[in-house]
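The next block holds one structure in the form of structure tokens; read it before the comments.
Please read all numbers here as calculations on a predicted model, not as lab measurements. Every chain is numbered from 1, with letters handed out A, B, ... down the list of sequences.
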There are 2 protein chains.
Amino acid sequence: MITSSATPPAARTAAPPSKRQAGAGLLAAELRVAIMRSSRRLRAEAASRDISPGQYSVLAAILHGPLTVGQLAEREMIQAPSMTRIVNGLESAGYVTRGENPLDKRQVLVQITEDGSAILRKARSRRTQWLAKRVAALSPEERETLREAARILQEMSAV
Amino acid sequence: MITSSATPPAARTAAPPSKRQAGAGLLAAELRVAIMRSSRRLRAEAASRDISPGQYSVLAAILHGPLTVGQLAEREMIQAPSMTRIVNGLESAGYVTRGENPLDKRQVLVQITEDGSAILRKARSRRTQWLAKRVAALSPEERETLREAARILQEMSAV
DNA sequence: TATTGTTATACTCTATAACTATA
DNA sequence: TATAGTTATAGAGTATAACAATA
């Protein structure tokens, strides 16, 4: 891996915009690979037979209160028909119920059930398990680095 | 997947060495959210009309030398027929060529073309662009944290 | 007339099973 | 017989378009 920050980017063009910019570009490339690879691994390790990734996201979203189909679709960045499909699956499994909004009868409020909460907790602990094992094997300094990195990444993704 | 974005601030300061295991579990949960959210954002921002994610991976894999269909399938963790499909798409677009292995005529060596290299470079810079902009806006300390975190994540995913 | 959600239909990417051509 | 790759077919998960109910 090319991680040595001491090495000047001589291989690049003779007049880079600035040393800071070039370093940021290199870091971005490394970081992208690290994030995409980790996410792929996490997704694979977390694979659950209980619920699909899409169903998981929906349950997590409505854990602290019901949302409409439209709100869920927007949140998951998918179209309404796709969300209807996901909700159908969750409803027939007994993990959510459809309710009416008395103030606007066009809307459908998707609410989590007790079974839904239980399956979410189960899936969540499974998803974290693989990572927790590896995190526990790190040094305290490495853990602190990851803790800080998690915060930075959250802020970057939120923008 | 949208857990409470309001991470309890108390949890960060109240992580004494005595609760090392519990801290690792909490960190794992935070880290998972950060990684999955970042990867989703990266995927969305990098979306290219030129080539699909699967095609991108294949081009990147054979950039420094041809590989067989079987090797590519194993590398991408998909079945051979799926890889045949991806290679078909790349071949008809002129981004790869199929070659024979003289030592074993059953095998098909997938080799990248000049056009394939060009489209890969283009897609790669696009994929990094969004992240590079945000990385450039960070402080030098934050960048160093991410650099170190990228290294740790790579090692964790490699195991 | 506009909006919310559903149904109908199609596309993409994946898988398994059966086939071919080599080994 | 076994292996590498392809073809045939099916199953998720997504999308757009058309529709019903409500605002």
Side-chain angles (χ1 to χ4, degrees), chain A residues 36 39-41 43-62 66-93 95-111 123, chain B residues 1 36 39-41 43-44 46-62 66-93 95-111 123:
Chain A
M36 297 310 286
S39 69
R40 215 175 310 134
R41 188 68 188 268
R43 197 185 312 276
E45 296 286 345
S48 166
R49 318 159 209 74
D50 298 322
I51 49 175
S52 72
Q55 291 178 327
Y56 175 91
S57 293
V58 168
L59 289 183
I62 62 174
L67 293 173
T68 69
V69 170
Q71 287 173 321
L72 285 170
E74 188 186 358
R75 199 151 173 160
E76 299 297 319
M77 296 203 292
I78 61 178
Q79 297 305 307
S82 303
M83 184 49 72
T84 290
R85 214 180 134 87
I86 293 175
V87 171
N88 284 345
L90 287 170
E91 190 181 31
S92 64
Y95 297 147
V96 305
T97 54
R98 274 182 161 93
E100 255 187 9
N101 180 359
L103 301 176
D104 186 342
K105 288 188 188 169
R106 293 173 305 179
Q107 295 188 344
V108 169
L109 285 170
V110 184
Q111 180 143 25
Chain B
M1 204 154 296
M36 298 310 285
S39 69
R40 213 176 313 130
R41 187 67 188 269
R43 197 186 313 277
S48 166
R49 316 159 210 74
D50 297 323
I51 49 175
S52 73
Q55 291 178 326
Y56 175 90
S57 294
V58 168
L59 289 184
I62 62 175
L67 292 173
T68 69
V69 170
Q71 286 173 323
L72 285 169
E74 188 185 358
R75 197 153 174 156
E76 299 297 318
M77 295 204 292
I78 62 178
Q79 297 306 306
S82 304
M83 185 50 72
T84 290
R85 212 182 133 85
I86 293 175
V87 170
N88 284 345
L90 286 170
E91 189 181 32
S92 64
Y95 297 148
V96 304
T97 54
R98 276 180 161 93
E100 255 187 9
N101 181 357
L103 301 176
D104 186 341
K105 287 189 189 170
R106 293 172 306 179
Q107 295 188 344
V108 169
L109 284 171
V110 184
Q111 180 144 23

Looking at every non-hydrogen atom in both residues, tell me the closest pair between [X] and [Y] and how far apart they are.
X	Y	answer
B:Q55	B:G89	NE2-C, 3.7 Å
A:L90	A:V58	CD1-CG1, 3.6 Å
A:A123	A:I51	CB-CD1, 4.0 Å
B:Q107	B:T68	OE1-CG2, 3.6 Å

Taking atom [atom2] of [N] as reference, at what distance in whole Å does atom [atom1] of [X] sit?
X	N	atom1	atom2	answer
B:Q55	C:dT14	CD	P	10 Å
B:L67	D:dA4	CG	C1'	15 Å
B:R106	D:dA4	CZ	P	6 Å
B:L90	C:dC13	CG	C1'	14 Å
A:K105	C:dT3	NZ	C1'	17 Å
A:E100	D:dA21	CD	P	13 Å
A:N88	D:dA12	CG	P	15 Å
A:D104	D:dT22	CG	C1'	7 Å

Requested in this report: Considering just the side-chain nitrogens and oxygens of A:T84, establish if one lies under 4.0 Å of OP1 or OP2 belonging to C:dG5.
Outcome: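 No, because none of the side-chain N or O atoms of A:T84 sits under 4.0 Å from OP1 or OP2 of C:dG5.
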
Nearest 0.5 angstrom please: [X] [atom1] to [Y] [atom2], how far?
X	Y	atom1	atom2	answer
A:Q79	A:E74	CD	CD	10.5 Å
B:L72	B:L109	CG	CG	10.0 Å
A:M36	B:S57	CE	OG	8.5 Å

Report summary line: Going 5' to 3' through nucleotides 14-19 of chain D and flagging B where a protein heavy-atom sits under 4.0 Å of the base, S where only the sugar-phosphate is that close, and - otherwise, we get BBBB--

Requested in this report: Nearest-nucleotide wise, let me know which of A:N101 and B:M83 is further upstream toward the 5' end of DNA chain D.
Outcome: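 This one resolves to B:M83.
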
Report task. Side chain of A:Q107 only, please: which of C:dT6, C:dT22, C:dT4 is the nearest? Result ->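 Between C:dT6, C:dT22, C:dT4, the one nearest the side chain of A:Q107 would be C:dT4.
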
